[in-house]
Asks: 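Before we start, here is the structure in question, set down as structure tokens.
Chain naming here is simple, since letters A, B, ... match the order of the sequence lines and numbering starts at 1 in each. Predicted model only: the values in this text are computed from it and were never measured.
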There are 2 protein chains.
Amino acid sequence: MPRSNTEKYADMLRKQGLKVTPQRLELISLLTRLKEPMSAHEIKAKWKQGDIDTVTLYRALDALVDAGIVQRVDLQHGHTDYELLVPGEHHHHLVCTDCGTIEDFVGCPGKNMEKLALKSSSQFVSLREHSLEFFGTCKTCAV
Amino acid sequence: MPRSNTEKYADMLRKQGLKVTPQRLELISLLTRLKEPMSAHEIKAKWKQGDIDTVTLYRALDALVDAGIVQRVDLQHGHTDYELLVPGEHHHHLVCTDCGTIEDFVGCPGKNMEKLALKSSSQFVSLREHSLEFFGTCKTCAV
DNA sequence: CTTGCAAATGCAATAGTATTGCGTTTATAA
DNA sequence: TTATAAACGCAATACTATTGCATTTGCAAG
Ligand SMILES: [Mn+2]
Ligand SMILES: [Mn+2]
Ligand SMILES: [Zn+2]
Ligand SMILES: [Zn+2]
């Protein structure tokens, strides 16, 4: 990972009063190379520099989520998956319920949906986030 | 619960080759009265006829999901919540991250979103379901 | 109404996911 | 260089959900 990106993420951490540690840097570096969201255990299995304690990994993931670097995703796998968040963007996923194939969906009309949701709501005045995942069958599995 | 509704759900179970048991009927009856999605443990705590074994409850919930009577919801509570599904409809939720207030959102433009998602996809040709939940702050907590 | 049997139940054990407490180590700012 | 709050690693524990198996039961066939 180029130095500029590393420094960008380091700043995002420090901005939240969080420390920049070797573990957190390797975690970011690892997530940068992933093409799909991954569970804590899968991440742990991919760890290069020796090993990382499971607790430390979960706490590092929490820290990155707090800093807005990582987002949690629920793909109905029975656990939380994590992926790097591109700043200023957001995206969702298409999941094949047969083979597990995952594809990103980037054209989410989030603002419109939130407007719609707020208009129909009697109790809410502002929305900060939303989860959205699609489940279906990919070309390969459709036969 | 009126007899007609009970019979309707019983038929939905039998149609899937699933049996109609006292536990499943009480579970449906209990879910009918709920205004919010609930976890397995919360449902167990509300059980009236004596007690239900946790395993039986999970298996009954699975059965109702298979029969299309119940849907699973992830409200980022660290567990699965369950709620009765109105046949032919679907809805999502607004969740207050401060106090936990939950409000239904019924005006989901699901068909359009799926069309949008499929158009942008290179690997998928059909989508069956989607998850969508909004997270924000309710009027009471906004101050 | 009886009977046969696959499906469902209850209990015990276990798996999988995530968190807490605490003593030691380390990043960072003074 | 030093002080200190944050982070780390390890052990224990909590919480969520599932598996295996002996027993019971829904329900359809006769
Ligand atoms: Mn993604
Ligand atoms: Mn609801
Ligand atoms: Zn597939
Ligand atoms: Zn609130």
Asks: Salt-bridged, D11(B) to K8(B), with N to O below 4.0 Å?
Replies: no
Asks: Just jot down the salt bridge (Lys or Arg N to Asp or Glu O under 4.0 Å) partners of K44(A), sequence neighbours excluded, or say none.
Replies: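 Listed in chain order: D51(A).
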Asks: For the pair made of CG in L61(A) and C1' in dC8(D), what is the distance, rounded to whole Å?
Replies: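 Whole-Å distance recorded here is 15 Å.
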Asks: Specify the angle, to 10°, made by the local axes at the two ends of the helix from dC1(C)-dG30(D) to dA30(C)-dT1(D) when five pairs are taken at each end.
Replies: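 Roughly 40°, once rounded to the nearest ten degrees.
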Asks: Tell me yes or no: between the side chains of E103(A) and S122(B), is some donor less than 3.5 Å from an acceptor?
Replies: yes
Asks: Kindly give the heavy-atom pair with the smallest separation between D81(B) and S39(B), and that separation in Å.
Replies: OD1-N, 2.9 Å
Asks: Can you tell me how far P of dA14(D) sits from NE2 of H79(B), to the nearest Å?
Replies: 19 Å
Asks: Protein-nucleotides 10-12 of chain C N/O pairs closer than 3.5 Å?
Replies:
unit_1: dG10(C); atom_1: OP1; unit_2: Q23(B); atom_2: NE2; d: 3.4
unit_1: dG10(C); atom_1: OP2; unit_2: T56(B); atom_2: OG1; d: 2.9
unit_1: dG10(C); atom_1: N7; unit_2: R59(B); atom_2: NH2; d: 3.4
unit_1: dG10(C); atom_1: O6; unit_2: R59(B); atom_2: NH2; d: 2.6

Asks: Looking only at the side chain of R24(B) (C-beta and beyond, no hydrogens), which of the listed nucleotides dT17(C), dT9(C), dA17(D) gets closest?
Replies: dT9(C)
Asks: Would you mind classifying the nucleic acid contact of T80(A) as base, sugar-phosphate or nothing, using non-hydrogen atoms under 4.0 angstrom?
Replies: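 If one applies the 4.0 Å heavy-atom cut-off, T80(A) turns out to touch the sugar-phosphate alone, with no base involved.
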Asks: If you measure only the distance, is there a donor-acceptor pair under 3.5 Å linking the side chains of T56(A) and Q23(A)?
Replies: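 The answer is no; no qualifying pair exists.
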Asks: One character per nucleotide, please: for nucleotides 22-30 of chain D, 5' to 3', B when the base has a protein heavy atom closer than 4.0 Å, S when only the sugar-phosphate does, - otherwise.
Replies: ----BS---
Asks: Would you mind reading off the distance between Q16(A) atom CD and dA27(C) atom C1', rounded to a whole angstrom?
Replies: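 Atom CD in Q16(A) sits about 17 Å away from atom C1' in dA27(C).
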Asks: Would you mind listing the cluster partners of V143(B)? Hydrophobic ones only (ILVMFWY), side-chain contacts under 4.5 Å, chaining allowed.
Replies: none
Asks: Quick one: is dT19(C) close enough that its OP1 or OP2 comes under 4.0 Å of any side-chain N or O from Y58(A)?
Replies: no
Asks: Round to the nearest Å and state the distance from D62(A) atom CG to dT20(C) atom P.
Replies: 10 Å
Asks: Within this structure, what is the CG-to-P distance between L25(A) and dA27(C), rounded to whole angstrom?
Replies: 10 Å
Asks: Taking atom C1' of dT16(D) as reference, at what distance in whole Å does atom NE2 of H41(A) sit?
Replies: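 Computing the H41(A):NE2 to dT16(D):C1' distance gives 14 Å.
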Asks: Regarding E83(A) and H91(A), do their side chains bring together a donor and an acceptor under 3.5 Å, going by distance alone?
Replies: yes
Asks: Which heavy atom of T101(A) sits nearest to which heavy atom of F124(B), and what is that distance?
Replies: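 Nearest pair, atom of T101(A) first, then F124(B): O-CZ, 3.7 Å.
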Asks: Could you state the NZ-P distance from K44(B) to dT9(C), rounded to the nearest angstrom?
Replies: 14 Å
Asks: Would you kindly say whether E42(A) and H79(A) are connected by a side-chain donor-acceptor distance under 3.5 Å?
Replies: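 Looking only at side-chain atoms, H79(A) and E42(A) do not form any donor-acceptor pair under 3.5 Å.
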Asks: Please list, chain by chain and in numerical order, all residues satisfying salt bridge (Lys or Arg N to Asp or Glu O under 4.0 Å) with R59(A), sequence neighbours excluded.
Replies: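 Not a single residue meets the salt bridge (Lys or Arg N to Asp or Glu O under 4.0 Å) criterion with R59(A).
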Asks: Rounded to whole Å, how long is the line connecting atom CD of Q49(A) with atom C1' of dC8(D)?
Replies: 16 Å
Asks: Relative to each other, are the rings of H130(B) and F134(A) parallel, tilted or perpendicular (30° and 60° limits)?
Replies: tilted
